[in-house]
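These numbers were taken from a predicted model, which means no experiment stands behind them.
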Amino acid sequence: MDPMSGPYVIRGSVSLPEAELMWRFSRSSGPGGQHVNTSDSQVELRFDLARTEALPPVWKERALDGLAGRLVDGVISVRASEHRSQWRNRETAAVRLASLLAEASAPPPRPRRATRIPRGINERRLREKKQRSDTKRGRSGRDWG
């Protein structure tokens, strides 16, 4: 097995656990000429999110919630077949999985604090509206004999 390009970092010091990744290779459709019929270049990468110990529990909860629609029995799968080389497809699949998990396990954004619109800004907006309406009213050809 060829060496992978190091650990795929999800966020901070947490990365995809190599031992828990399940790879499957199959023939890919698309360009590649005669080569495509003989090589297993399509990559399917599966990761058991429900049973993993590699993610902090809070992240795991968030990821399970966020990816609920994509999970099959707690397993998430990612497919890559863009490249002709299996190795590059493996890279693509692993990076894709890492970014999916990073996105799903990210903390929710802070709620927006409501603030009042400054009076000056509101007045300026109304003044500009009035000016615009005067301009448009001036365009109607009522006074043209």
Side-chain angles (χ1 to χ4, degrees), residues 1-140:
M1 201 155 97
D2 39 11
M4 298 297 282
S5 68
Y8 295 95
V9 177
I10 295 173
R11 204 166 54 248
S13 60
V14 182
S15 54
L16 284 178
E18 289 288 332
E20 295 183 28
L21 300 179
M22 297 168 279
W23 298 94
R24 207 167 84 204
F25 309 103
S26 56
R27 293 192 184 153
S28 180
S29 63
Q34 295 165 330
H35 171 80
V36 82
N37 304 326
T38 58
S39 63
D40 290 342
S41 60
Q42 176 171 285
V43 172
E44 187 184 348
L45 172 57
R46 295 169 65 222
F47 177 64
D48 196 339
L49 187 55
R51 292 199 188 81
T52 186
E53 297 297 320
L55 296 178
V58 182
W59 288 22
K60 191 167 145 180
E61 283 301 309
R62 279 193 213 129
L64 284 168
D65 280 349
L67 298 170
R70 286 194 60 162
L71 296 176
V72 179
D73 296 334
V75 176
I76 183 146
S77 76
V78 173
R79 211 177 245 148
S81 61
E82 296 83 272
H83 306 292
R84 280 184 60 172
S85 110
Q86 184 193 99
W87 191 80
R88 282 176 66 197
N89 278 332
R90 287 168 63 160
E91 291 282 295
T92 307
V95 168
R96 214 176 272 167
L97 179 63
S99 68
L100 250 178
L101 290 174
E103 210 174 294
S105 65
R110 284 215 180 113
R112 179 186 174 280
R113 266 185 39 212
T115 54
R116 284 197 40 209
I117 299 171
R119 205 167 85 207
I121 289 179
N122 221 0
E123 283 174 359
R124 188 180 72 202
R125 181 180 63 86
L126 292 172
R127 203 169 43 248
E128 285 170 0
K129 273 180 73 148
K130 184 104 179 77
Q131 225 170 5
R132 187 95 183 116
S133 91
D134 289 346
T135 306
K136 287 189 169 188
R137 194 178 306 119
R139 288 185 190 150
S140 69

Inset, instruction - Run the numbers on Asn89 and Gln42 for side chain to side chain contact (heavy atoms under 4.5 Å, CB included), then give the verdict. - result: CA-CA 7 Å; Asn89 278 332; Gln42 176 171 285; 5.6 Å; no

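Leu101 and Ser105 get closest at one heavy-atom pair: O-OG, 2.7 Å. Contact detail for Trp23 and Arg90: the closest heavy-atom pair is CH2-O, 3.7 Å. Arg88 and Ser85 make their closest contact through N-OG, 3.0 Å (heavy atoms, listed as atom of the first residue, atom of the second, distance).
If you run salt bridge (Lys or Arg N to Asp or Glu O under 4.0 Å) between Asp134 and each of Arg137, Arg132, Lys136, only Arg137 comes through.
Separation of atoms CD (Glu82) and OG1 (Thr92) is listed at 5.5 Å; rounding is to 0.5 Å. With rounding to the nearest 0.5 angstrom, the CG atom of Leu45 is 8.5 Å from the CE atom of Met22.
Counting only distance, with no hydrogens or angles, the side chain of Thr52 and the backbone of Leu49 share no donor-acceptor pair below 3.5 Å. Distance alone, capped at 3.5 Å, places no donor-acceptor pair between the Glu20 side chain and the Asp48 backbone.
Residues in residues 55-80 take part in no side chain to side chain donor-acceptor pair (under 3.5 Å) pair, two or more places apart or across chains.
Within a 6.0 Å radius of CG in Leu126, more than 12 heavy atoms belonging to other residues, nucleotides or ligands are found.
Contact annotation: the side chain of Leu100 never approaches that of Glu103 to less than 4.5 Å [non-hydrogen atoms, C-beta and beyond].
For the 3.5 Å distance criterion, the side chains of Asn122 and Arg125 qualify, holding a donor opposite an acceptor.
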